[in-house]
Amino acid sequence: MSVNSGQVFLWEMIGDSWFGTYGSHVIKISPVDGGQEVFSFPELRSCERRIFRLDDDIVRILSEISRDQLVSRLVKKYAGLRLIRQEPEQCVLSFVCASNTNIPMIRTMLRNLTRKYGERVVVDGKEFFTFPSAKKIHRATKPEICSCGLGYRVKAIKAVAESIINGNLDFEALQKAKYEDAKKELLKVYGIGNKIADCVMLFSLEKLEAFPIDVWIARSLARHFKCLSDSKFTEKLSPHQYDVLSDTMRAYFGRYAGYAQQYLFYHMRQQAGRKW
DNA sequence: GTACAGGCAGTAT
DNA sequence: ATACTGCCTGTA
């Protein structure tokens, strides 16, 4: 099993184990002959099924998204690649920090936030930090948060925290809602646009049809799927172009389009030689 | 020094 | 609808 750390900004490998900040928990994953064992702190146990979506019918999903030669090939090539199920709060607070920057920078920002506002946890003699609650972010001043390296993104993370506190972002309701309705609600929040909304829905709100389009996916589509769309598009997408493309890919790959997106994303990153 | 990095909102046409 | 712009900050 491989871990797509693009989705899990706060995980790191130490020795042969992975340590990750998962909401108010710190989780350790160690290899056990041929499988994975998960220890979590303080009270989670055997949560790997939930985190790695092991209850998904992966055979059916991979079969449904194998609509063409490319994805069929990637599904075999990257066998074991999974979607991560994240906690909604951590997911959305993390992704609003992700605009117009790169993964190493996102990791730095989020590490700083956890060190400043999370709870300290010691595992195997090493210190880790849980992810700060929306309440903590809500209470913090903008200059304080800015000092974590967020820059102009402070306005967005505060707006998201505010929406969580006042109930405008209701994750339970969003999970039950249809894709279109959930997206509409997310887009109302300052700092959440098309791409971030789709990421949050795919990784934490059970919308497996969500197909986030970032510059990497846009490059992939421009290379391999241009024929699918009537509208001309480049790597820079207008909001309308984003909608058209995203809808087209959803129609093409079906209800598990998000899985196809993961394989394409991972492949593009591999091709570019990115180590995250 | 300049370009660029996994977007978004604001403004003008 | 579309085009253009500024934005924090670190790295190449």
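Lettering follows sequence order; numbering is per chain, from 1.
Rounded to whole Å, the distance from CE on A:M268 to C1' on B:dA5 is 15 Å. B:dG7 atom C1' lies 13 Å from atom CG of A:D198, rounded to whole Å. Rounded to an integer number of Å, the gap from CG of A:L113 to C1' of C:dT9 is 15 Å. One interatomic measurement links the two molecules: CG of A:N112 to C1' of C:dC8, which rounds to 13 Å at whole-angstrom precision. Between the CG atom of A:N194 and the C1' atom of B:dG7 there is a distance of 10 Å, given to the nearest Å. Between the CE atom of A:M109 and the P atom of B:dA5 there is a distance of 15 Å, rounded to whole Å. Residue A:K195 contributes atom NZ, which lies 14 Å from atom P of B:dA5 at whole-angstrom precision. A straight line from CD of A:Q241 to P of C:dC4 spans 12 Å, rounded to a whole angstrom.
Going from the P atom of B:dC8 to that of C:dT11 covers 24 Å, rounded to whole Å. Separating the P atom of C:dC4 from that of B:dG6 is a span of 23 Å, rounded to the nearest Å. The separation of C:dT5 from B:dA3, taken at their P atoms, amounts to 14 Å, rounded to a whole angstrom. For the P atoms, the distance linking C:dC8 with B:dT11 amounts to 15 Å, nearest Å.
Residues A:N102 and A:Y190 each lie close to DNA chain B; by heavy-atom proximity, the contact nearer the 5' end of the strand is made by A:N102. Between A:Q261 and A:V189, the one whose closest nucleotide on DNA chain B sits nearer the 5' end is A:Q261.
Checking B:dG10, B:dG6, C:dC8 against every side-chain atom of A:N100, the shortest atom distance belongs to C:dC8. Residue A:M105 has its side chain nearest to C:dT9 when only C:dT9, C:dT2, B:dG6 are considered. Of the candidates B:dG6, C:dT9, B:dG7, the closest approach to any side-chain atom of A:C146 belongs to C:dT9.
Judged by the 6.0 Å distance and 45° axis criteria, A:K183 is not positioned over the aromatic ring of A:Y179.
For A:Y152 and B:dG7, a side-chain-to-base donor-acceptor distance below 3.5 Å is present, hydrogens and geometry of angles not being considered.
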Each base of DNA chain C marked ( ) or [ ] if paired in-strand (Watson-Crick or G-U under 3.5 Å), | if paired to another strand and . if unpaired gives |||||||.||||
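A:I217 comes within contact range of no nucleotide atom at all, as no heavy-atom separation falls under 4.0 Å. Among the atoms of the strands shown, none is found under 4.0 Å from any heavy atom of A:L150.
Ring-plane geometry between A:Y22 and A:W11 is classed as perpendicular, the angle between the planes exceeding 60 degrees on a 0 to 90 degree scale with a lower cut at 30. Between A:F128 and A:F19, the two ring planes are parallel [angle under 30°; tilted spans 30° to 60°].
For A:R219, a side-chain nitrogen or oxygen approaches OP1 or OP2 of B:dA5 to under 4.0 Å. Close to C:dC7, at under 4.0 Å from its OP1 or OP2, lies no side-chain N or O of A:R153.
At a threshold of 4.5 Å between non-hydrogen side-chain atoms, the residues A:S220 and A:Y263 do not count as touching. Counting heavy atoms from C-beta outward, A:R85 and A:E206 have side chains that approach closer than 4.5 Å.
Linking Ile, Leu, Val, Met, Phe, Trp and Tyr residues whenever their side-chain heavy atoms come within less than 4.5 Å leaves A:Y190 and A:M201 in two separate clusters. With hydrophobic clusters built from ILVMFWY side chains whose heavy atoms lie under 4.5 angstrom apart, A:I165 does not share a cluster with A:L174.
Between atom CG of residue A:L221 and atom CG of residue A:L264 there is a gap of 7.0 Å, rounded to the nearest 0.5 Å.
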